[in-house]
Q: 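Sharing a structure below in structure tokens format, with a few things to ask.
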There are 2 protein chains.
Amino acid sequence: MTPLDSVTTSELIAQKLRHDILSGKLKPLQPLRQDEIAAQMGVSKIPTREALVQLKTEGLVVLHQNRGAVVAEFSPADVTEIYDMRAALETLALERAIPNMSKADFVRAEGLIEIMDDERDALKWSELNWEFHAMLYRPAHMPRLLEHIRMLHSNVARYVVHYLTSVDYHAEAQRQHRLILQLCRDGNIAQATPQLAAHLTQAGKKIARFLKDEG
Amino acid sequence: MTPLDSVTTSELIAQKLRHDILSGKLKPLQPLRQDEIAAQMGVSKIPTREALVQLKTEGLVVLHQNRGAVVAEFSPADVTEIYDMRAALETLALERAIPNMSKADFVRAEGLIEIMDDERDALKWSELNWEFHAMLYRPAHMPRLLEHIRMLHSNVARYVVHYLTSVDYHAEAQRQHRLILQLCRDGNIAQATPQLAAHLTQAGKKIARFLKDEG
DNA sequence: ATTCGTATAAACGTATACGATTATACACAA
DNA sequence: TTGTGTATAATCGTATACGTTTATACGAAT
């Protein structure tokens with residue numbers, strides 16, 4: 001809007017909607033009306049529409065022809081599918097990253113784990129969790145791969161937050177994080193990747209079951 | 001435009017642009033001007049913009065703030081990265097699909113291979129090649145996974161077509177296709193998935209090297 | 001000659017406006 | 001009461017219009 005915003009209005013709206021969806025403020029199947037969002041943000045519908053197109057391809061909203069957009073809902077089967085994809089892609093990323101990891105990477109990863117020990121807010125913990133994983137994968141120097149993983153992660157982040165607020169999974173997750181990090185330090189690709197895969201598919205199953213149980 | 005088109009104008013434009021990019025009619029780094037495209041299609045800029053946003057997230061175009069869109073260019077490193085991702089995701093899909101394959105699936109897959117034997121047009125061959133691979137993965141019943149694979153495939157399709165018009169890779173690819181299909185018939189997941197991975201990474205390396213050599 | 005600044009044109013991003021589609025409410029008939 | 005048709009409102013999708021940003025051409029200064 002103002003001449004100084006170096007980022008486009010569409011992207012600002014997409015960021016806000018993304019945040020509201022991931023934090024749970026906007027719930028699955030909730031309709032997202034263009035006029036309403038535009039008015040609330042003080043802009044017109046057009047950047048709003050472009051933001052919705054963006055979020056559609058990210059998998060966070062679903063668009064129906066002439067019937068508007070709703071927040072995407074994921075079935076338990078969808079969640080396990082996404083975690084299976086994550087396991088496939090993240091093991092690839094880790095495998096390629098380990099040979100390139102530096103001492104500084106290990107220090108920062110360890111620092112993140114320690115911060116996570118004390119973080120009680122589920123949403124913030126989830127963000128730190130992503131940052132930890134991303135740190136493990138960045139040394140692979142595969143930007144497209146990282147972006148795909150980020151999108152998959154953000155697809156299930158809502159459910160992770162929801163799960164974490166009900167069940168205390170932190171301790172077990174942290175134990176696995178420390179184990180994986182140690183295997184990275186050792187340069188032990190052969191054990192690190194299956195450990196990561198197990199970490200992810202286990203989490204996926206837990207969350208899918210949780211979703212199923214609560215109906 | 002007319003009241004009868006059941007698909008949105010944005011999607012029509014996206015389809016046309018996608019086709020023109022994949023077929024090589026629009027070349028890497030070529031600018032895509034909104035006004036020009038809109039005038040050429042006889043519509044306004046707005047659906048054109050939405051189509052470009054869509055194609056951006058598919059990785060086929062790159063958008064620069066206030067400087068418009070260009071057809072995405074992939075470096076050799078990008079191509080190998082995408083093939084590595086494909087190998088990871090497609091082996092997952094195949095592994096989950098094999099237990100669900102039916103006799104009809106095998107018949108149709110074999111039919112596709114035979115059609116491909118006689119197809120000389122590189123673009124059409126590439127489309128048939130995708131159809132063959134998709135057929136192997138559909139029984140997995142993982143729609144999100146299939147969609148991700150489709151996007152990755154379309155990202156490199158241009159370069160595959162380019163490669164195929166210069167180098168005769170058909171015979172070797174067909175041999176590998178027949179081998180993989182036979183392993184699927186046998187229900188031999190343990191051999192089918194590494195064979196598929198080899199098929200893909202080999203193709204990726206060949207195409208990346210080809211790109212590098214021709215500058 | 002090269003560099004810098006300015007004017008002009010081209011292209012982008014968004015607000016407004018309007019026709020088309022879908023949902024909702026209500027009357028009427030079975 | 002229940003179902004069906006129609007009128008009305010709400011919402012979507014796109015064209016037009018306009019201000020802003022970026023690129024290009026040209027002239028002045030070093």
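Sequence lines set the chain letters: A, B, ... in the order given, protein chains first and strands last, and positions in each chain run from 1.
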Q: List in numerical order all residues of residues 26-34 of chain B for which some heavy atom is under 4.0 Å away from an atom belonging to DNA chain C.
A: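 DNA chain C contact set from residues 26-34 of chain B: B:L32, B:R33, B:Q34.
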Q: Expressed as a whole number of angstroms, how long is the span from A:L63:CG to D:dT11:P?
A: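 Distance, rounded to whole Å: 16 Å.
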Q: Round to the nearest Å and state the distance from B:I13 atom CD1 to D:dA15 atom C1'.
A: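 Whole-Å distance recorded here is 12 Å.
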Q: So, using salt bridge (Lys or Arg N to Asp or Glu O under 4.0 Å) as the criterion, who are the partners of B:R209 when residues are at least two apart?
A: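 Partners of B:R209 under the salt bridge (Lys or Arg N to Asp or Glu O under 4.0 Å) test: none.
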Q: Can you find a side chain N or O atom of B:S44 that sits less than 4.0 Å from OP1 or OP2 on D:dT14?
A: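 Checking D:dT14 against B:S44, no side-chain N or O comes under 4.0 Å of OP1 or OP2.
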Q: Which residue pairs satisfy the salt bridge (Lys or Arg N to Asp or Glu O under 4.0 Å) criterion with at least one member in residues 98-115 of chain A, sequence neighbours excluded?
A: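 Those involving residues 98-115 of chain A are A:D105-A:R108, A:E110-A:R185.
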Q: Excluding sequence neighbours, so at least two apart, what forms side-chain hydrogen bond (donor to acceptor under 3.5 Å, both in side chains) with A:T165?
A: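 With neighbours one apart ignored, the set is empty.
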Q: Over how many whole Å does the gap from A:N66 atom CG to C:dA20 atom C1' extend?
A: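 From A:N66 CG to C:dA20 C1': 8 Å.
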Q: How would you list, by chain and number, every residue that makes a ring pair (Phe, Tyr, Trp, His ring centres under 6.0 Å) with A:H162, sequence neighbours excluded?
A: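 A:H162 satisfies ring pair (Phe, Tyr, Trp, His ring centres under 6.0 Å) with A:F210 only.
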Q: Could you give the CG-to-P distance, from A:D35 to C:dA17, as a whole number of Å?
A: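 My rounded result for the distance is 14 Å.
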Q: Quick check on C:dA23: is either OP1 or OP2 less than 4.0 Å from any side-chain nitrogen or oxygen of A:R67?
A: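 Affirmative; the distance criterion is met.
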Q: Verify whether one side chain among B:S126 and B:N129 offers a donor that lies under 3.5 Å from an acceptor in the other.
A: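 Distance-only check fails for B:S126 and B:N129.
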Q: Between atom NZ of B:K124 and atom CD of B:E131, what is the distance when rounded to the nearest 0.5 Å?
A: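 Output value for this atom pair is 15.5 Å.
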Q: What pairs with B:H170 under ring pair (Phe, Tyr, Trp, His ring centres under 6.0 Å), at least two apart in sequence or on another chain?
A: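 Counting only residues at least two positions away or on another chain, B:H170 forms a ring pair (Phe, Tyr, Trp, His ring centres under 6.0 Å) with B:W125.
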Q: Mind grabbing the angle between the end helix axes of the helix from C:dA1-D:dT30 to C:dA30-D:dT1? Five pairs an end, 10° rounding.
A: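 End-to-end axis angle for the helix from C:dA1-D:dT30 to C:dA30-D:dT1: 20°, rounded to 10°.
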Q: My understanding is that only residues two or more places apart in sequence, or in another chain, count here; which of them pass ring pair (Phe, Tyr, Trp, His ring centres under 6.0 Å) with B:H199?
A: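 Residues passing ring pair (Phe, Tyr, Trp, His ring centres under 6.0 Å) with B:H199: B:H133, B:H177.
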Q: Among pairs that include at least one residue of residues 11-32 of chain A, which meet side-chain hydrogen bond (donor to acceptor under 3.5 Å, both in side chains), considering only residues two or more places apart or in two chains?
A: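 Sorted pair list: A:K16-A:D20, A:R18-A:E58.
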Q: How many whole angstroms separate atom NZ of A:K45 from atom C1' of D:dT11?
A: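 Atom-to-atom, A:K45 to D:dT11, this comes out as 7 Å.
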Q: Taking only distance into account, with no hydrogens and no angle test, what donor-acceptor pairs under 3.5 Å do side-chain atoms of residues 33-46 of chain B form with protein atoms, sequence neighbours excluded?
A:
| from | atom 1 | to | atom 2 | distance (Å) |
| --- | --- | --- | --- | --- |
| B:S44 | OG | B:I46 | N | 3.3 |

Q: Can you see if the side chain of A:S10 gets near the phosphate of C:dG13 - specifically, an N or O under 4.0 Å from OP1 or OP2?
A: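 It does not, given that no N or O in the side chain of A:S10 lies less than 4.0 Å from OP1 or OP2 of C:dG13.
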Q: Nearest whole angstrom, please: distance from the P of D:dT22 to the NE2 of B:H64.
A: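 After rounding, the reported distance stands at 13 Å.
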Q: Does C:dT14 have OP1 or OP2 sitting under 4.0 Å from an N or O in the side chain of A:T8?
A: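 Yes, A:T8 has a side-chain N/O under 4.0 Å of OP1/OP2 on C:dT14.
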Q: According to the salt bridge (Lys or Arg N to Asp or Glu O under 4.0 Å) rule, which pairs have a member within residues 149-170 of chain A, sequence neighbours left out?
A: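 Those involving residues 149-170 of chain A are A:E147-A:R150.
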Q: Short of 4.0 Å, heavy atom to strand atom, which residues of residues 46-62 of chain A count as contacting DNA chain D?
A: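 A:I46, A:R49, in order of number.
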